[in-house]
Chemist: 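This is the structure I want to talk about, given as structure tokens.
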Amino acid sequence: MLLALILGPGSLFLLLYLSPGAGGHSLPSPLLSDGLLPLVWLSSLGLLLLLPGGRHGVAQPEPARRPEGPVPRPDIETAGHPLTGQGYLLDKYAFTRHLARLVGRNGGRGHLLLYVDLDQFNLFNTLYGLEQGDRLLASVGEVIRRNLPKHSSLCWHGEDEFVVVLEHCPKDRAVQVAETIRQRVAELNTRPLFALTLSMGLVGLDEFDGDISAALNAADMAAHTAKELGRNRLYVACNQPPEMSQRLLQVSSLSELSDAMQEGRLRLFCQTIAPLNPQRDEPILEILLRAQNRQGQWISPGAFLPAVERFGLSLPLDIWVIRQCFQWLHGFPPEQRPRVSINLSGHSLNAPELLELIKGEYRQQGLNPARICFEVTETAAMSDKDQAKRLLRELDELGFAIALDDFGTGHCSYAYLRDLPARFLKIDGVFVRQLERDPVNQELVAAINAMAHALGKRTIAEFVETPESLALLRKIGVDYAQGFYLGKPCLLELHGQQEEQPQRVEDLLEAVPCAA
């Protein structure tokens, strides 16, 4: 052991070194690493900890009710923030290690996670400034600390979020603690234009088979549910009710999607949109996205797209699809490139960078925009009508075609439809599936088709699954059909290798009567 004392004006330096494992003694402090206790500067101003590897942080005198757990280590993401100097707060690194120890002892039984999210904090920063926002966060953190039971640990999780682990705490007691915190934080508010409220989520630490990340994600999802229910409340998700299981499934599917993209298991498929008058029109390939799990099974987009949209990741996924499709088209001689239709999410329609990216990609690959269609759902086109109309008009002016998908199930007005630069209307499959059995749907499809033609637009019927439906669509005068009866999706790179497919489609069309 090496001990050195250095005296200076108003201060004392202490350097202590213990050889790792010397004499069989265990290290006495959680800050010890490889036997080195950081240099400690004691003065009237407080403590300065000089950590190995250049890390440093300021620790205030220990509060009277400091929670048990590891001593905070400054987090790179939060360095310099006023909250990093609060001695009662653990950073993410220390808090996660503390949770791991709790789980390692008995699986986390008896311990609860409380996720606390300050509502509309960005609005507060806008109204009163970032400095006042930082002060508000510090005040909220102090209120939470003062109202926690013994053996609780508090973590500032970044931005406007805190996480608490309540050790050996019954659920009823945790609910009381959360309600007290909610009321006390509301009392802090003195601003006339801002309601100071909290959305909180409560989960059991033992419900996730030792997966700390899953437990934190579940607590976050529970707090998000509280926001969706109107804010200023606690959502208890202990024992995972069905809606929480669905949210956890979304988080899990998003993680699987990310892994699939990194490992090359995200693939493009295509399905033929067949013209019902082949002498006039040519086929279009709709580009579809599929993920493959590690067992080689294909996962439909319905399993992961809800999570992608929920967490705002639609744009990067759409960009990936566009780039992959454009590169595939570039591999064909210009005169042999097929027509394709690519789906765009509603979130992507609101991204100003999307248009510039599409411009750069198709020009780089030397593609003809007239051979490319972009599909948007009727709901997406209505979510922000001005922005959607602006983007779609710009794409139309560049020469791209636009298709309005799932038409008939949204709330698109005739006036908006008239002004929207869509060349195609895709009639929702709910009206087309087993069309021959439903006279009402036959009338609706005929009305949609007549209206679209009056507006100068072409029609595509989805979910065509029987020859009888196909015959009725030709009789009504629909322009294109798409569905399993005409062809199932196949891997994009395999398109064109199935020589019998075009002849099969023509044979199917010959078997049903043409429109009068």
Side-chain angles (χ1 to χ4, degrees), residues 260-262 264-275 278-291 301 313-345 347-376 380 387-405 420-424 426 457-458 460 479-480 482 487 489-499 501-502 505:
M261 183 178 289
Q262 293 179 353
R265 292 185 284 107
L266 197 63
R267 307 289 291 278
L268 293 183
F269 279 61
C270 65
Q271 186 179 28
T272 299
I273 301 174
Q279 290 73 35
R280 182 187 63 190
D281 302 313
E282 62 177 308
I284 305 171
L285 298 180
E286 181 176 1
I287 305 302
L288 306 170
L289 185 65
R290 298 287 187 272
L313 300 176
S314 299
L315 178 61
L317 194 61
D318 284 351
I319 290 174
W320 186 89
V321 171
I322 290 169
R323 284 175 171 162
Q324 295 295 317
C325 181
F326 283 11
Q327 289 172 12
W328 177 75
L329 288 173
H330 178 72
F332 287 84
E335 67 279 1
Q336 297 179 13
R337 288 171 184 161
R339 294 186 69 184
V340 298
S341 184
I342 303 172
N343 291 277
L344 294 178
S345 73
H347 295 284
S348 297
L349 293 182
N350 297 322
E353 62 269 34
L354 178 65
L355 181 65
E356 293 304 317
L357 179 132
I358 292 174
K359 287 181 182 178
E361 288 293 322
Y362 92 82
R363 289 169 179 167
Q364 180 180 348
Q365 302 297 341
L367 304 179
N368 178 5
R371 309 289 294 173
I372 300 168
C373 177
F374 288 106
E375 290 188 25
V376 297
Q387 172 62 21
K389 187 184 296 185
R390 183 164 50 251
L391 176 65
L392 297 180
R393 282 195 179 281
E394 290 174 329
L395 289 172
D396 179 67
E397 290 171 359
L398 288 171
F400 295 98
I402 305 297
L404 196 59
D405 197 7
L420 200 64
R423 300 186 197 177
F424 299 95
K426 297 190 76 173
K457 305 179 189 302
R458 315 296 297 281
I460 302 171
D479 300 297
Y480 291 84
Q482 178 182 12
C490 69
L491 277 166
L492 189 60
E493 59 263 31
L494 297 181
H495 173 72
Q497 298 181 17
Q498 302 173 343
E499 297 298 336
Q501 181 71 10
V505 171

Chemist: Can you give me the closest heavy-atom contact between Asn343 and Glu286, atom names plus distance?
Modeler: ND2-OE2, 3.0 Å
Chemist: Would a 4.5 Å heavy-atom cut-off, applied to side chains only, mark Pro283 and Pro275 as touching?
Modeler: yes
Chemist: Would you compute the distance between atom CG of Leu285 and atom CD1 of Ile342 and round it to the nearest 0.5 angstrom?
Modeler: 11.0 Å
Chemist: How close do His347 and Ser314 get, counting heavy atoms only, and between which atoms?
Modeler: CD2-OG, 3.6 Å
Chemist: Of all heavy-atom pairs between Pro421 and Ile402, which one has the smallest distance, and what is that distance?
Modeler: O-CB, 3.5 Å
Chemist: Return the CZ to CG distance between Phe424 and Leu404, rounded to the nearest 0.5 Å.
Modeler: 12.5 Å
Chemist: Working to the nearest 0.5 Å, report the span between CG of Leu315 and CH2 of Trp320.
Modeler: 15.0 Å
Chemist: Where is the tightest heavy-atom contact between Arg280 and Asp479, given as atom of each residue plus distance?
Modeler: NH2-OD1, 3.0 Å
Chemist: With Glu282, which residues qualify under side-chain contact (heavy atoms from CB on, under 4.5 Å), at least two apart?
Modeler: Arg339, Arg371
Chemist: Just how far is it from atom CD1 of Ile287 to atom CZ of Phe326, taken to the nearest 0.5 Å?
Modeler: 10.0 Å
Chemist: Would you mind writing out the side-chain donor-acceptor pairs for residues 328-338 within the sub-3.5 Å range, not counting sequence neighbours?
Modeler:
| from | atom 1 | to | atom 2 | distance (Å) |
| --- | --- | --- | --- | --- |
| His330 | ND1 | Gln365 | O | 2.8 |
| Arg337 | NE | Leu329 | O | 3.0 |
| Arg337 | NE | Phe332 | O | 3.2 |
| Arg337 | NH1 | Gly366 | O | 2.9 |
| Arg337 | NH2 | Phe332 | O | 3.4 |

Chemist: Give a yes or no on whether the backbone of Ala403 and the side-chain of Lys426 come within a donor-acceptor separation of less than 3.5 Å.
Modeler: no
Chemist: Which heavy atom of Leu420 sits nearest a heavy atom of Lys457, and at what distance?
Modeler: O-NZ, 3.1 Å
Chemist: With Arg363, which residues qualify under salt bridge (charged side-chain N to carboxylate O under 4.0 Å, His left out), at least two apart?
Modeler: none
Chemist: Distance check, rounded to the nearest 0.5 Å: Leu289 atom CG versus Leu317 atom CG?
Modeler: 5.5 Å
Chemist: Roughly how far, to the nearest 0.5 Å, is CD1 of Ile273 from CD of Glu375?
Modeler: 5.5 Å
Chemist: So, applying side chain to side chain contact (heavy atoms under 4.5 Å, CB included) with Phe374, which one of Leu392, Ile322, Leu354, Asp318 is it?
Modeler: Ile322
Chemist: With heavy-atom distances below 4.5 Å as the criterion, would you say the side chains of Ile284 and Gln482 are in contact?
Modeler: no
Chemist: Given side-chain contact (heavy atoms from CB on, under 4.5 Å), test Arg323 with Leu357 step by step and report yes or no.
Modeler: CA-CA 9 Å; Arg323 284 175 171 162; Leu357 179 132; 3.4 Å; yes
Chemist: Of the non-hydrogen atoms in Tyr362 and Leu398, which two are nearest, and what is the gap between them?
Modeler: OH-CD2, 4.3 Å
